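Single-structure report; data block below.
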Amino acid sequence: MNKTNELALDNCIKCSICVTHCPVAKVTDKFAGPKQNGPDLERFRLEEPLAVHPSIEYCSNCKNCEVACPSGVSISTMNCRAKGEYVAKNGAPLRDRLLANVELMGDFARLMPGLVNWGGKVKLFRELAERIFNISADMTLPQYASKTFYELYRENKPPVSAKKVVYFPGCYVTYNTPEVGLALVKVMAHNGVEVLVEEFNCCGVPLIANGLLADAKNNARNNMRKLEKYIDAGYQIVTSCPSCNLALRREYGELFDMEKAHRLAEQVIDVFEYLQVLAENGELKTDFKHLSLTVGYHQPCHLKAVGCGVPSKGILDLVPGVEVNDLDAGCCGLSGSYGFKKEKYAISQEIGRQLFQAVKKKGLNRVITECGMCQLQIHHGTGAEVYHPIQVLAEAYGLGSDIK
Ligand code: SF4
Ligand code: SF4
């Protein structure tokens, strides 16, 4: 297939719907927008790959443009490739390389998590990081766990079962919220499903978002090597992070044209989609305890882009005493590393304002959302406690007490 057909470039009817759905273009004129950076310039890039507008670096890779496009144009794939070309030519600042190398940051932080977490809360150190690296001193930094998910998994191996899935935890669960991964393993075991894990690399989304496509492809290759035997054996590959899901389901095929990407895409499934199938087959355990819990629900942009609906809400609606209020307020604005960058912090907060207001207006002090970065941003913007929906389900089964 040639590039024009593959990206559905000729389908663009210039309706500008993508522009009206772009959260960045809505709040700043520093970004030329998805249509201009995407299909408009892509025509020139067919001849000259470096026809890239510098404002491309303001694209947050949220994918809302692509979800909204009525003609199926692969706008964000165009934008990711264009950003890749721009970075390959102009280089990426050290700050972007650091923020995109989530594994490097995680491996460093776990050497002395207490010190790193303390330092991240001290304004003086954050101001120093702002001066040296251009990392916003105003943004809340993620807290690191003392043990990674993989270490905790090895200490808490689930019981062997005939029904098995592979779990791709992603970096935020690995380094920052391993309790989310453990909750997933326990919920699956409670339903008779054994969760297997491998030490995967970062899915690559933070690298893609920063235009570091060669590094992202390298990660994709490593992950594919580890996943291959499970793909061939027909295992389902479960995720709890929407961005990892999107990378495995779509980016490995669309951006990197990887062998077996098509089969991987068929076998990747969000954990709540998996539980939804169990429920439809009458196989989901419903021995829930009453929880008396009212939460707001935020749908991450990348879950929208995956196109699996909101399976977590459907499952949590089965739990007595749980009331899930859909916040329906658009992008949180953080978009991985985007909102940590000094020049983008204000844009990120402006995008998230509607969501923060929705949480505050409804008087909610607990919110659930699948994406770790959305969790961080909502807590930053509202002070609410924010959880992954799997933690609520684990609590309902009496398997954990993460919910405060
Ligand atoms: S890319 Fe899609 S949404 Fe954007 S102008 Fe073209 S057809 Fe419209
Ligand atoms: S990916 Fe998001 S920020 Fe980038 S052009 Fe599309 S809607 Fe705008």
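We count ligands from 1, going down the list as the structure has it; atoms in each ligand are counted the same way. Computed from a prediction, not measured in an experiment: that's the story for all the values here.
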With under 30° as parallel and over 60° as perpendicular, where do the rings of Phe272 and His388 fit, or are they tilted in between? parallel

Should you measure from each heavy atom of Ser60, which atoms of ligand 2 turn up under 4.0 Å away? 3 (S), 4 (Fe)

Under 4.0 Å from one or more heavy atoms of Asn79, ligand 2 contributes atoms 5 (S)

Short check: any N/O/S atom of Cys65 below 2.8 Å from atom 6 (Fe) of ligand 2? yes

What are the protein N/O/S atoms, named by residue and atom, that sit under 2.8 Å from atom 8 (Fe) of ligand 1? Cys15 SG

Any idea which protein heavy atom is nearest atom 4 (Fe) of ligand 2, and the distance to it? Cys59 SG, 2.4 Å

Can you tell which part of Tyr58 has a heavy atom less than 4.0 Å from ligand 2: side chain, backbone, both or neither? neither

Give me the nearest non-hydrogen protein atom to atom 1 (S) of ligand 2 as residue plus atom name, then the distance to 0.1 Å. Lys63 N, 3.2 Å

Contacts satisfying salt bridge (Lys or Arg N to Asp or Glu O under 4.0 Å) that involve residues 260-270 (not counting sequence neighbours) are Glu228-Lys260, Asp232-Lys260, Asp232-Arg263

Under 4.0 Å to a heavy atom of Ile75 - the qualifying atoms of ligand 1, by number: 1 (S)

Could you check atom 8 (Fe) of ligand 2 against the protein and tell me its nearest heavy-atom contact, residue, atom and distance included? Cys22 SG, 2.3 Å

Identify, by atom number and element, the atoms of ligand 2 in contact range of Val24, meaning under 4.0 Å from any of its heavy atoms. 3 (S)

